[in-house]
Structures are given as C-alpha cells and as structure tokens.
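This chain uses plain numbering: 1 for the first residue, then up along the sequence.
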Amino acid sequence: MSAAVQAMSATKDVGFSSQVQEVELKTNRNINKDAGAIATLHHHDENVEVKDEVDADEEDELATLKSDKELVLGPKFSLKEQLDKDKDDESLRKWKAQLLGSVDLSAVGESKEAEVRILSLTMMFRDRPELVLPIPFTNKPKSSLFTLKGGSKYRTKFTFSVSKNIVSGLMYTTSVWKTGVKVHSSKKMIGTFSPQQDPYTYETEEDTTPSGMFARGWYFVRTKFLDDDGKCYLDTSYYFEIQKNWATPS
C-alpha cells in the first residue's frame, strides 16, 4: 500500500452516547414514563419528519461548503499531466513520487477526476465478532440494518478504493436522528489519497452506544463521503436499533 498524505483532523466531534443522553433527558423530562411506549420508535409514521430534518441538514451543509469554497481553485490535471509538469525539477519529482507511490499510469489513464468507491462499513466490538456490511446496503426499506446493545464499546471501519486520480481532502459526515430529533452530528477529515489497486481502510475512534431505557429504540442515520471540492462519492442512509441486550441469533 502506497503512503498517502493523511490529515487526521476532526470537527464537531462529540461522543454519540453523551449527545443521545443529553437530548433524551431534555426531551423526556416531562413525558409519562411508560416503558413500553418510550422504548418503541414508530419509525414508519415518523419517516416524513425525519426526511424534513435531513433536508434541512442538507441545506445547512451545502451552505457551509459554498462558504468554505470562496477560494477559486485552479484547473485540474490528470495524473500523467501532473507527473509531466515540472519534470525537470528534481525536488518536485521526488515529492510527487513520495505522494503517489507506485502508481501504474497505464491503469489511471487521462482522467482529471478521482474515482472513489466506498466498499463496506464494518462494526468492530471488543468481545464480539466484526459485523461487515457491504455497500450498497442490502437491508429492506424501513427495517433495522443491525442491532446494538446499550452501553457497548465499538469502532467503525470504512473500506474504500481510489482510482484514476488523487482524491484531496476526503471527509465524511454523519447525522443521527431518534424520534425526529437529531441526537448526533459529526464531520471528520480522512485525508488525501493516491490511486492504487489495494483498498484503503479508515477506523474511527472507539465510542460507546448510549444506554438506559430512554436510549433504546430505532435510530435513523445518514452518512456522506465528500472531497474538498464538494464532490459526493456516497450518500446513504439506514436504520439501526439499540436494545437492552444483544439480539439472539435467528
């Protein structure tokens, strides 16, 4: 695997568990504490409400990207053009070689745009087998993609491929809703990657699922992968569920 410049910075990164518990405390403070009613999320009836939240979030995100892109970038070049440019400058040649690694120019062609494919999402736990979810997801609409136990430690791993050109400033955004209320939002910079045959992997820091009666139920998640030009390579959404215990294998 070639060495790529990877800037690992985080923005708006607050733990999922702490955000859920804070929102649930405020939302449920004056609600009748009937355990059955609180623990069940009627996500079919609230799908329209969640969609409205997603649309509003999308507008905010687009406005942020437009604000961030006030600087007009220069023309794009294919990898071959980038390597041929300033080829007599030894220091630049060595820097490009270090960035690109062993890139097969016959495989990347003359494309001025990178091609990024998000291949899978993996849930990793301390004391349970990994849960690998190929993308696009194969779950049925409006059904839970997976179930987590409240208070469990986990990491998320994304596997992705880069081809044709360098992708600059690859990042992902994640927003989570429960009963129509946004309980988590994060934006993370993954880095800049050169094309290669082997896929890349990126792991998030360990987090803890929220626990307690109010935290149980269905959650709606929307995740997007974009580069620093605002080009979107994946825009996907799914439901998952938090329960008191791990689901019994069927």
Is there a side-chain contact between [X] and [Y] (heavy atoms, below 4.5 Å)?
X	Y	value
L131	T122	no
V167	E115	no
F146	L133	yes
I190	M171	no
Y172	T156	no
Y233	D227	yes
K178	H184	no
S175	V221	no

Same cluster or not: F158 versus V132, using hydrophobic residues (I, L, V, M, F, W, Y) connected whenever any side-chain heavy atoms lie under 4.5 Å apart?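 Looking at the clustering, V132 is in a separate group from F158.
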I'd like to know if R216 pairs up with E241 as an ion pair, taking the criterion as any Lys NZ or Arg NE/NH1/NH2 lying under 4.0 Å from an Asp or Glu carboxylate oxygen.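 Not counted as a salt bridge, because no side-chain N and carboxylate O are separated by less than 4.0 Å.
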Flag the pair K153 and E206 as a salt bridge only when some basic side-chain nitrogen lies within less than 4.0 angstrom of an acidic carboxylate oxygen.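 E206 and K153: not salt-bridged.
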Apply ring pair (Phe, Tyr, Trp, His ring centres under 6.0 Å) to F160 and list each qualifying residue two or more places apart in sequence or on a separate chain.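 Result, ring pair (Phe, Tyr, Trp, His ring centres under 6.0 Å) vs F160: F193, Y200.
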Determine the interplanar angle of the F240 and Y219 rings, folded into 0 to 90°, and report it as parallel if under 30°, tilted if 30 to 60°, perpendicular if over 60°.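 Aromatic pair F240/Y219 classed parallel.
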